[in-house]
Amino acid sequence: MLSFQGEHILSVNQLNRDAIEMIFAVAKRMEPYAKKHKRTRVLEGAILANLFFEPSTRTRVSFGTAFNLLGGLVRETTGMQSSALAKGESLYDTARVISAYADAVAMRHPDAGSVAEFATGSDVPVINGGDGPNEHPTQALLDLLTIERELERYGKNVDGFHIAMVGDLKYGRTVHSLSKLLCHYKNVKFTMVAPDGLQMPDYILDTVTNAGHQIELVSKMEGNLAADIVYQTRIQEERFPSQEEANKYRGGFKISQAIYNAHCKPESVLMHPLPRDSRLDANELDNDLNSNDNLAIFRQVQNGVLIRMALFALTLGVDNVVEKYEAEV
Ligand code: CP
């Protein structure tokens with residue numbers, strides 16, 4: 001039987017379609033608790049170590065919120081300088097120490113592979129909250145749940161849908177993880193819209209092609225946004241070799257309501273992992289889209305809490321007893 005009890009969640013490579021569907025089924029059961037219509041104490045007494053060695057708003061706070069909503073407590077470390085990693089402690093030793101204090105760990109780190117390295121020293125489940133340009137598995141799961149729910153509004157399915165991924169597809173880890181997850185579905189059409197130099201890495205393109213999906217690589221938005229889902233990304237300036245190099249791409253691919261009207265379908269759903277860069281010279285997703293019903297960015301945020309609650313319940317082996325520990329609201 002499929003089980004994540006005691007497992008680390010490090011990469012979407014660990015997931016197949018059955019696993020995705022199981023996580024989504026648990027996530028949907030979390031909705032009354034996330035909306036505070038009901039309360040559960042299923043993780044009362046449990047402690048989450050929420051270790052964020054790279055900037056984050058949503059992932060860090062929603063991991064903490066998800067653990068709290070299940071009745072658990074959260075201890076946080078933010079920034080490399082406030083941890084003993086700054087004194088040369090290894091990720092392995094840090095994990096041995098932290099897992100003596102906590103029942104679960106959520107972690108973000110700027111280096112690819114760092115969260116997996118940390119997990120080798122951890123006796124408790126470790127969930128990857130983003131490791132450099134590599135992966136962001138919980139974001140991919142919340143994106144996929146959002147895609148499924150948004151397509152449902154229009155009577156469509158993930159099998160056979162069309163996604164346009166836009167922007168920095170080279171350094172954007174969320175599109176890497178999402179592309180890999182979509183390989184478990186059928187006949188997905190991908191339009192990869194990126195400037196030369198920021199296209200999707202070949203290893204992801206090969207994985208998508210081997211899954212039997214159709215891919216078109218283009219370097220302009222015009223004429224290429226008529227997809228069911230348009231997934232915009234930020235230029236990941238912090239990952240470029242220099243600011244000068246990043247500046248070459250800044251503001252290259254802006255989507256505004258006027259661009260939406262001209263190049264998207266009336267039912268095209270707009271997604272973005274956030275943060276969107278709202279500085280006027282970047283502004284890849286304009287504030288004038290905020291009243292567009294097809295802007296799903298804040299629904300993605302809500303789905304993120306459900307996914308993270310589900311992963312804690314599954315990895316800590318309490319997914320079957322969440323309702324049994326209901327408390328008064
Ligand atoms: N989507 C995402 O990872 O956002 P944060 O960087 O704010 O966590």
Side-chain angles (χ1 to χ4, degrees), residues 9-12 23 27 34 48-69 74 76-80 82 104-112 114-115 118 126-147 149-150 163 165-182 229-240 246 255 269-279 282-285 287 289 295-312:
I9 306 290
L10 302 173
S11 163
V12 292
I23 294 166
L48 170 70
N50 208 19
L51 311 181
F52 274 68
F53 301 114
E54 201 184 44
S56 169
T57 295
R58 284 126 295 271
T59 312
R60 179 173 62 81
V61 177
S62 67
F63 268 126
T65 297
F67 211 79
N68 287 152
L69 285 167
V74 180
E76 288 209 325
T77 289
T78 52
M80 203 77 80
S82 57
V105 177
M107 178 171 165
R108 173 174 290 185
H109 191 284
D111 297 337
S114 52
V115 183
F118 177 95
V126 176
I127 303 183
N128 184 358
D131 59 325
N134 187 37
E135 278 228 32
H136 196 343
T138 61
Q139 179 73 42
L141 283 163
L142 77 87
D143 286 340
L144 183 54
L145 179 61
T146 306
I147 290 169
R149 289 180 151 189
E150 296 295 321
I163 185 166
M165 294 183 166
V166 185
D168 181 356
L169 306 186
K170 178 179 179 183
Y171 294 113
R173 58 193 171 200
T174 68
V175 283
H176 300 170
S177 293
L178 178 59
S179 298
K180 288 200 263 178
L181 265 196
L182 288 172
I229 302 285
V230 175
Y231 190 104
Q232 174 66 302
T233 62
R234 179 178 64 88
I235 302 295
Q236 306 275 304
E237 296 191 5
E238 65 278 22
R239 306 205 192 285
F240 281 72
I255 301 181
V269 171
L270 287 172
M271 293 176 57
H272 189 303
L274 302 180
R276 56 178 157 170
D277 188 341
S278 294
R279 290 170 288 191
N283 202 26
E284 71 266 5
L285 204 55
N287 282 333
L289 289 156
L295 184 73
I297 56 177
F298 299 114
R299 296 192 284 275
Q300 285 173 265
V301 167
Q302 289 166 340
N303 289 331
V305 175
L306 305 183
I307 288 293
R308 292 174 179 125
M309 289 176 79
L311 291 176
F312 286 133

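Every number for a ligand or one of its atoms is a count from 1 in the order of the listing.
Under a 4.0 Å N-O distance rule, the pair R173/E238 does not qualify as a salt bridge.
Residue contacts with ligand 1, taken as heavy atom pairs separated by less than 4.0 Å, involve T57 via backbone and side-chain atoms alike.
In summary, the atoms of ligand 1 found under 4.0 Å from a heavy atom of T59, numbered by their order in the structure, are 2 (C), 3 (O), 4 (O), 5 (P), 8 (O). Within the listing of ligand 1, atoms 1 (N) sit less than 4.0 angstrom from a heavy atom of P273.
In this structure, the separation between CD1 on I297 and CG on L289 is 8.5 Å, given to the nearest 0.5 Å.
If you check which protein heavy atom lies closest to atom 6 (O) of ligand 1, you get R108 NH1, 2.9 Å. Protein heavy atom nearest atom 4 (O) of ligand 1, with residue, atom name and distance: R58 NE, 2.9 Å.
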- Message: For Q232 and L270: C-alpha separation, side-chain torsions, deciding distance, then whether side-chain contact (heavy atoms from CB on, under 4.5 Å) applies.
- Response: CA-CA 7 Å; Q232 174 66 302; L270 287 172; 5.9 Å; no
- Item | Stepwise side-chain hydrogen bond (donor to acceptor under 3.5 Å, both in side chains) check, R108 with T59 | CA-CA 9 Å; R108 173 174 290 185; T59 312; 3.0 Å; yes
- Apply the test side-chain contact (heavy atoms from CB on, under 4.5 Å) to residues R308 and L142: give CA-CA distance (whole Å), side-chain angles for both, the deciding distance (0.1 Å), then the verdict. CA-CA 9 Å; R308 292 174 179 125; L142 77 87; 3.7 Å; yes
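Distances between N or O atoms of P275 and those of ligand 1 include no value under 3.5 Å. Between R60 and ligand 1, not a single N/O pair is under 3.5 Å apart.
Residues R149 and R299 form no side-chain contact, since every pair of their non-hydrogen atoms from C-beta on lies 4.5 Å or further apart.
Residue E54 places no heavy atom under 4.0 Å from ligand 1.
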